[in-house]
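Reviewing the structure listed below.
Within every chain, numbering begins at 1; the chains are lettered A, B, ... in the order of the sequence lines, protein sequences first and strands thereafter. All values below were derived from every heavy atom in this structure, side-chain atoms included, with hydrogens, water molecules and symmetry-related copies excluded.
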Amino acid sequence: MLRVYNTLSHKKEDFQTLEPNVVKMYVCGPTVYSDAHIGHAMSAIVFDVARRYLEYRGYQVRFVMNFTDVDDKIINRANKLGVDPQALAESYIVAFRKHLEDLNVLPATVNPRATQTMDKIQSMIQGLIEKGFAYPARNGDVYFRVTHDPNYGKLSGRKIEDMQAGSRIEVEEEKEHPMDFAVWKAAKPGEPAWDSPWGKGRPGWHIECSAMNLAILGEQIDIHGGGNDLVFPHHENEIAQTECFTGKQFARYWMHNGMLQLQGEKMSKSLGNLVTIDDFLSRHEADALRMMVLNGSYRAPLSYSDGIMDAAERGLDRLRSGLKPASTSASGAPTDVRLALDKQAEATQQTFIEAMDDDFNSSGGLAGLFELVRTVNTARDAGASSAELNPAQDTLRTLTGVLGLRLGEKKASGGDADKFISLLVEVRTEMRKQKLWGMSDLVRDRLKELGVSIEDSKDGTTWHW
RNA sequence: GGCGUCGUGGCCAAGCGGCAAGGCAAGGGUCUGCAAAACCCUCAUCACGGGUUCAAAUCCCGUCGACGCCUCCA
């Protein structure tokens, strides 16, 4: 039985879907106004793993990730650069899509955009006004009436009174209550604007997610995800709008990932302490970032550092070691070794499911995989043939695949250099045959300095970057 | 100030009432011409102080500390 930690109840709950075998899942994507950083990547990876695991467990997942492509930040940035806000947003959407692909994040079933959901946004606002949950103000904005929602604050555990006390919000004259928030914003001259019953304007920050959910997944969904910095106000307001509009419970499970930190602080655009996805991928393989995320708990904050990346990359190598083929001289492993291998493959699968069923405990799942790796390697050393190794290696491949790891051969980034390296290695093999150890070691050491590792074995010599 | 998450070996980290998973690093060994890889062995009583229990890293109370949110943010 899968259990999922629900921010709404602060507990792990049994996972039950609205419809049998179907999961309706919505994850908040980025507001596209600048280069995405690895914190965004972490969030995408976390929910990609959840999605892959749900599919592995037999669910059909309708996975929606939105792009918020109209927003103050986008407008400001576009004005600064002197470009069209829509064009700016579009370029970042293209870039982000490419990043997701590079990071092996499965494509969403749908990627809706705020600007393409305008009808639904407006009909929702209209509905909220009719029900008394929203009101147009004299300045052309439309505000959500917080005090009319008895459940307001249930996700973040805040009370309207508490927030008022510590509030640093500038109180808009036009608001009935300081905590009321805009569902529609009147356009200033030169800003992107859409016609509406309340005058030209654009959606407020939270309404677009409510509307996109409604338009694509319906009134009720199973899982709503995002970074935990979105709990308040974004998700709180989303719940308020949607539930007041439909009169039904919106999302059953709210999942939030912890923040990626750099030197003890949240990595964020405003703090400027970030590593962009481009930066990261120019120095590491995509699997390494995923490995780093998988090694921890998705809800806990994660500190990015060279040390942690190093460990992630070594761990990746270790997983890969389990997939290496049988020795060409393999003549079959002893019975006890073969039995142990089968048994471990079985045990690993079980451990994996138990761990992942417990709120996607990837680190626990990984532990089982490492044990399988050791058993496979032991069997290979004991002379297991590829036929004997195959079933266990298939299990390993399947389960690492569920985590979204590709474990491909390390890229021979050298391009043209590769064939020269191969030549060098070939020559070295000849030297070794003639027992010219000094020369062979020199070649090996010098290549090592250049980033090329050589491994000699009974089956011959292999090398990799 | 309010709300919330958390504090496990040198580092990352699982465990959530019954002898402390796993990875990285380190040390010793097997293998190897020597290495590397692989394999074997070694390496913690769980921030602190009380309490509950036959039994607590795991539950309760308190202290200290970290981080997030309360303003745009994955």
Side-chain angles (χ1 to χ4, degrees), chain A residues 7 10 12 27-31 33 36-47 65 71-73 76 153 155-159 161-170 179 205 225-234 236 256-261 264-271 291-292 294-297 299-303 305 307-319 321-322 324 351 355 358 361-371 373-374 376-382 432 435-438 440-441 444-445 448 453-458 461-464:
Chain A
T7 307
H10 307 295
K12 288 179 192 170
V27 175
C28 283
T31 299
Y33 72 94
H37 56 74
I38 54 179
H40 298 111
M42 173 185 172
S43 190
I45 289 169
V46 162
F47 292 105
M65 195 194 73
D71 157 274
D72 292 357
K73 292 235 157 180
N76 292 340
L155 180 70
S156 54
R158 291 153 212 260
K159 296 184 180 68
E161 310 84 71
D162 293 345
M163 288 187 282
Q164 234 184 319
S167 175
R168 276 175 273 160
I169 300 168
E170 271 180 56
M179 291 310 297
W205 175 35
N228 69 9
D229 53 350
L230 295 180
V231 172
F232 190 90
H234 186 54
E236 190 70 72
H256 292 98
N257 65 277
M259 292 294 102
L260 187 65
Q261 298 175 199
E265 270 186 318
K266 181 174 104 168
M267 188 176 286
S268 81
K269 293 178 186 177
S270 27
L271 289 171
M291 191 64 181
M292 179 184 85
L294 292 170
N295 185 45
S297 148
R299 286 191 282 132
L302 176 57
S303 274
S305 68
I308 212 170
M309 278 317 305
D310 213 51
E313 286 180 326
R314 300 304 218 92
L316 229 35
D317 283 342
R318 183 147 180 76
L319 287 178
S321 78
K324 288 181 180 165
T351 313
D358 182 14
N361 177 355
S362 51
S363 143
L366 230 31
L369 296 182
F370 282 116
E371 266 161 45
V373 165
R374 186 183 310 117
V376 168
N377 288 339
T378 300
R380 189 192 301 100
D381 285 355
R432 290 185 67 228
K435 300 199 194 300
L436 299 171
W437 308 128
S440 331
D441 291 353
R444 185 175 60 199
D445 294 346
K448 182 79 195 170
S453 303
I454 284 185
E455 291 171 19
D456 299 320
S457 78
K458 294 184 207 73
T461 300
T462 56
W463 67 271
H464 64 82

Answer yes or no: is there a side-chain heavy-atom contact under 4.5 Å between A:R444 and A:D441?
yes
Hey, are the side chains of A:V376 and A:R380 touching, using non-hydrogen atoms and a 4.5 Å cut-off?
yes
Which nucleotide, in any strand shown, forms a Watson-Crick or G-U wobble pair with B:G7, with both distances under 3.5 Å?
B:C64
With RNA chain B as reference, determine whether A:I38 or A:G368 sits nearer its 5' end, using the nearest nucleotide of each.
A:G368
Residues A:S43 and A:G226: closest non-hydrogen pair is OG-C, 4.4 Å
Any side-chain heavy atom of A:E313 within less than 4.5 Å of one from A:M291?
no
Distance between C1' atoms of B:C31 and B:C41 (Å, rounded):
15 Å
Measuring only the C1' atom in each nucleotide, how far is B:G17 from B:A56? A whole number of Å is fine.
6 Å
Pairwise C1' distance for B:U53 and B:C69, with rounding to whole Å:
37 Å
When the nearest nucleotide of RNA chain B is assigned to A:V231 and to A:T31 on a heavy-atom basis, which residue is associated with the more 5' position?
A:V231
Counting Watson-Crick and G-U wobble pairs only, both distances under 3.5 Å, name the nucleotide matched with B:C69, or none.
B:G2
Non-neighbouring partners of A:K448 that pass salt bridge (Lys or Arg N to Asp or Glu O under 4.0 Å), sequence neighbours left out
none
With a 4.5 Å heavy-atom cut-off, do A:N257 and A:F47 have their side chains touching?
yes
Does the structure show A:W437 stacking with B:G33, if we require the centres to be closer than 5.5 Å and the planes to be within less than 30 degrees of parallel?
yes
Closest to the A:R444 side chain, choosing from B:A74, B:C34, B:C70:
B:C34
So A:N257, base contact, sugar-phosphate only, or nothing? Heavy-atom distance under 4.0 Å.
base
Taking only residues two or more places apart in sequence, or in another chain, which ones meet A:R374 in a side-chain contact (heavy atoms from CB on, under 4.5 Å)?
A:R318, A:E371, A:T378
Any base atoms under 4.0 Å from A:T351, or only sugar-phosphate, or nothing? Heavy atoms, all strands.
nothing
Taking any strand in view, what nucleotide pairs with B:A44 in a Watson-Crick or G-U wobble way, both distances under 3.5 Å?
none
Base, sugar-phosphate alone, or nothing: which one does A:M267 contact when heavy atoms must sit under 4.0 Å apart?
base
Quick one: look up who B:C34 pairs with, Watson-Crick or G-U, both distances under 3.5 Å, and put none if it's unpaired.
none
May I have the distance from A:M179 (atom CE) to B:U71 (atom P), rounded to whole angstrom?
6 Å
For B:G9 versus B:A26, give the span between their C1' atoms, rounded off to a whole number of Å.
12 Å
If you measure from the P atom in B:C43 to the same atom in B:G51, how many Å do you get, rounded?
32 Å
Please state whether the phosphate of B:C69, meaning OP1 or OP2, lies under 4.0 angstrom from any side-chain nitrogen or oxygen of A:K266.
yes
Hey, what do you get for CG (A:N361) to CZ (A:R299), rounding to the nearest 0.5 Å?
10.0 Å
Can you check the distance between B:A66 and B:C61, where both ends of the measurement are the P atom (answer in whole Å)?
22 Å
Output the single nucleotide from B:C6, B:A74, B:C70 whose closest atom is nearest the side chain of A:R158.
B:C70
Holding to side chain to side chain donor-acceptor pair (under 3.5 Å), I want the full list of residues that pass it with A:S321, two or more places apart in sequence or in another chain.
A:N377
Contact class for A:H37 (heavy atom, under 4.0 Å): base, sugar-phosphate, or nothing?
base
Do A:H464 and A:E455 have side chains that get closer than 4.5 Å, going by heavy atoms?
yes
Closest to the side chain of A:F232, out of B:C69, B:C72, B:G33, is B:C69
In whole angstrom, what separates A:D72's CG from B:C72's P?
9 Å
Give the minimum heavy-atom separation between A:H256 and A:G227, together with the two atoms involved.
CD2-O, 3.4 Å
Taking only residues two or more places apart in sequence, or in another chain, which ones meet A:S305 in a side chain to side chain donor-acceptor pair (under 3.5 Å)?
none
In Watson-Crick or G-U wobble terms, with both distances under 3.5 Å, the base opposite B:C16 is none
Heavy atoms under 4.0 Å, any strand shown: does A:K435 hit a base, just sugar-phosphate, or nothing?
nothing
Looking only at atom P, what distance separates B:C39 and B:C19, rounded to whole Å?
28 Å
Inter-nucleotide C1' distance (B:U42, B:C34), Å rounded:
26 Å
For B:C59, the Watson-Crick or wobble partner whose two distances fall under 3.5 Å:
B:G51
A:L260 near the nucleic acid: base, sugar-phosphate alone, or nothing, with a heavy-atom cut-off under 4.0 Å?
base
Protein proximity profile, nucleotides 9-21 of chain B - base contact B, sugar-phosphate-only contact S, no contact -, cut-off 4.0 Å on heavy atoms:
---BSSS-----B
Report, as a single string ordered 5' to 3', how protein heavy atoms within less than 4.0 Å touch nucleotides 36-48 of chain B: B base, S sugar-phosphate only, - not at all.
BSSSS--------
Could you state the atom-to-atom distance from CG of A:L155 to P of B:G2 in whole Å?
21 Å
